[in-house]
Amino acid sequence: MPLSAAPAPAVHLAPNLAAVQASLSPSLSQVWASLQPALLAEFGAENHAAWLAPLRIHSATASTLTFAVPTSFFAQWITTHYQPRLSEILSQAAATPITLSLQIIPTFSNLPTTTAASQPAAQQPATQPTNQPEWLQGSRLDSRYTFAHFVTGKSNQFAFTAAQSVAESLASGKVVYNPFFVHGGVGLGKTHLMHAIGHTVLENQAKTNVLYLSAEQFMYKFIRALKEKNTLGFKDLFRNVDVLMIDDIQFVAGKDNTQEEFFHTFNTLVESGKQIILTADKSPHELANIEDRLKSRLSSGLTVQVHAPEEETRLAILQHKAETLNTSISAEVLQLLAQHIASNVRELEGALNRLVAYSRLTGEALTPALAQEQLRDLFRTYTRVITIEDIQQKVATQFNIRVADMHSPRRTRDLARPRQVAMYLAKQLTSSSYPDIGRAFGGRDHTTVIHACETVVALLPRDAKLAENVQIVTRTLQGR
Ligand code: ADP
Ligand code: MG
């Protein structure tokens, strides 16, 4: 059935629209997250990765946004190079004057907090030109995200090979695995692999209509289409698509209307033999708040996982990256970074970019000592005492829940499990007692903590995914 002939979704969706819109009423931090693609386009990928992506929101009021920055150099740099323009952009987006301020917090964490920060630079059009309004068009592919620039190791070899084989099949006009589903933690190369498939297809078959969208964009476009009564225009976006790529689909979880529309789009395309490529932070079956029928559709093709790279691969990635940056950095410094920054590739790249920028600007030689000094926020956990709060924060990030959920009384599985993991790690990595830990988790009883520890201990040998998550969090906390 052609998409245009599908029933207009507005009929059964309209009653919930108000609720959806209410949940969209933008706070400054949401505005900031939504601006990332525009900032990337304006300042370029290198600058964005080095200076803007690391900015963490410290606090926000209606008219002031305060960022945490790691060093005074960093603060100075932002003030002179970015502050005026950032306030301007923010004020425009928020439709009210916004003041930016900076707070130097040497121990702040540089972990990515928004998926929007990973939006690619606008470089190569992924879609054929259309007469759609701009907001109804797809996003662009980042020209750096090619197979040639993807460094492989044990952690990602299988995902890489599978992605290449999907790309090659498509290049010769065949859809073999549908959908192709890539999952894994933040900053581990999912978007990169997805774009690489897009590039390969377009290089071989320039006429292929490749549409790339983040799930977030899918949702915003869909909601805007409902608002502007242009659902046909929304459907038109997918009408001639040969390859649909939707990034970070965990984002549609729990958003019923969007999920429904996504399911519909998905089925229509699969039925007409079009390729769908998806990424998410979890495997289809682990995705929370996604309908079972959608889960089973999602896992009906080929599902692959990208894992956190081991030290050897981290080093190879840094070497590759240093080459493309055209800078010579001593093996010692690269090694230091590979040793200390274990969580993900984005953080690794961010660290390298920052060092290179600093040394270009100041003319100082890039020594291990300089690296230690300039990246102390990233290295901090190496020598620091780990607190329960650190653990709660890292576990929340890893499991994609809010830190507040660590304290909340809600006991749904998707919250309870990460909470148990955090309690277990608190026992392992701090000197706190069971009652101390219970108090730090919303005043829970010490028996709950004991039960949590026992549960996790029992699960670890049986649940490889959980074990990996625990390992990643532990490594991040210990700065290994
Ligand atoms: P994800 O989508 O999984 O969050 P990305 O694909 O955005 O992660 O990757 C984050 C950054 O790390 C990107 O700049 C990407 O190019 C880089 N990257 C990730 N994995 C690799 C790899 N194996 N080789 C080279 N660069 C990588
Ligand atoms: Mg991504």
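Just follow the structure's listing: the first ligand is 1, and inside any ligand the first atom is 1.
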Pair D281-N400, side-chain donor/acceptor within less than 3.5 Å = yes
request  = Just go through R346, E347, H192 and tell me whose heavy atom is the nearest to atom 7 (O) of ligand 1.
outcome  = R346
message = For ligand 1 and I317, I'd like to know whether there is a polar contact (N/O to N/O, distance under 3.5 Å).
response = no
request  = Decide whether the shortest distance between a heavy atom of P309 and an atom of ligand 1 is less than 4.0 Å.
outcome  = no
Donor-acceptor pair between D248 and S214 side chains, under 3.5 angstrom = no
inquiry  = Are Y212 and H195, when compared by the centres of their aromatic rings, separated by less than 6.0 Å?
reply    = yes
Passing option when H149 is tested against H192, H320, R144 for side chain to side chain donor-acceptor pair (under 3.5 Å) = H320
query = At under 4.0 Å between heavy atoms, which part of F160 makes contact with ligand 1: side chain, backbone, both or neither?
reply = neither
request  = Report the relative orientation of the aromatic rings in F181 and H183; use parallel for angles under 30°, tilted for 30 to 60°, perpendicular for over 60°.
outcome  = tilted
inquiry  = Quick test of your reading of the structure: of K190, R144, Q157, whose heavy atom lies closest to atom 3 (O) of ligand 1?
reply    = K190
key: ligand 1 atoms in contact with G185 (distance to a heavy atom under 4.0 Å)   = 3 (O)
request  = Considering the heavy atoms of V186, write down every atom of ligand 1 situated less than 4.0 Å from one of them.
outcome  = 4 (O)
request  = Check step by step if ring-ring contact (aromatic ring centres under 6.0 Å, His included) holds for F234 and F218.
outcome  = CA-CA 9 Å; F234 180 78; F218 181 94; 5.4 Å; yes
query = Are T208 and D242 linked by a side-chain donor-acceptor pair shorter than 3.5 Å?
reply = no
message = Quick check on the 6.0 Å ring-centre criterion: do W135 and Y220 meet it?
response = no
Backbone or side-chain N/O/S of T191 under 2.8 Å of the Mg ion (ligand 2) = yes
ask   = G187: heavy atom below 4.0 Å from ligand 1, yes or no?
value = yes
Face-on cation placement of K235 at F238 ring, 6.0 Å and 45° thresholds = no
query = At a non-hydrogen distance cut-off of under 4.0 Å, which region of N156 contacts ligand 1 (side chain, backbone, both, or neither)?
reply = side chain
Polar atom proximity, V151 to ligand 1 (N or O, under 3.5 Å) = yes
request  = Would you mind listing which atoms of ligand 1 come within a distance below 4.0 Å of any non-hydrogen atom of G189?
outcome  = 1 (P), 3 (O), 5 (P), 6 (O), 8 (O), 9 (O), 19 (C), 20 (N)
message = Using a 4.0 Å cut-off to any heavy atom of H149, which atoms of ligand 1 qualify?
response = 24 (N), 25 (C), 26 (N)
key: Polar proximity ligand 1 side, F150 side, N/O cut 3.5 Å exclusive   = no
ask   = Can you check whether F43 and W51 have ring centres sitting under 6.0 Å from each other?
value = no
inquiry  = So if I count the atoms of ligand 1 from 1 in the order they appear, which ones are less than 4.0 Å from some heavy atom of V345?
reply    = 12 (O), 17 (C), 18 (N), 19 (C), 20 (N), 21 (C), 27 (C)
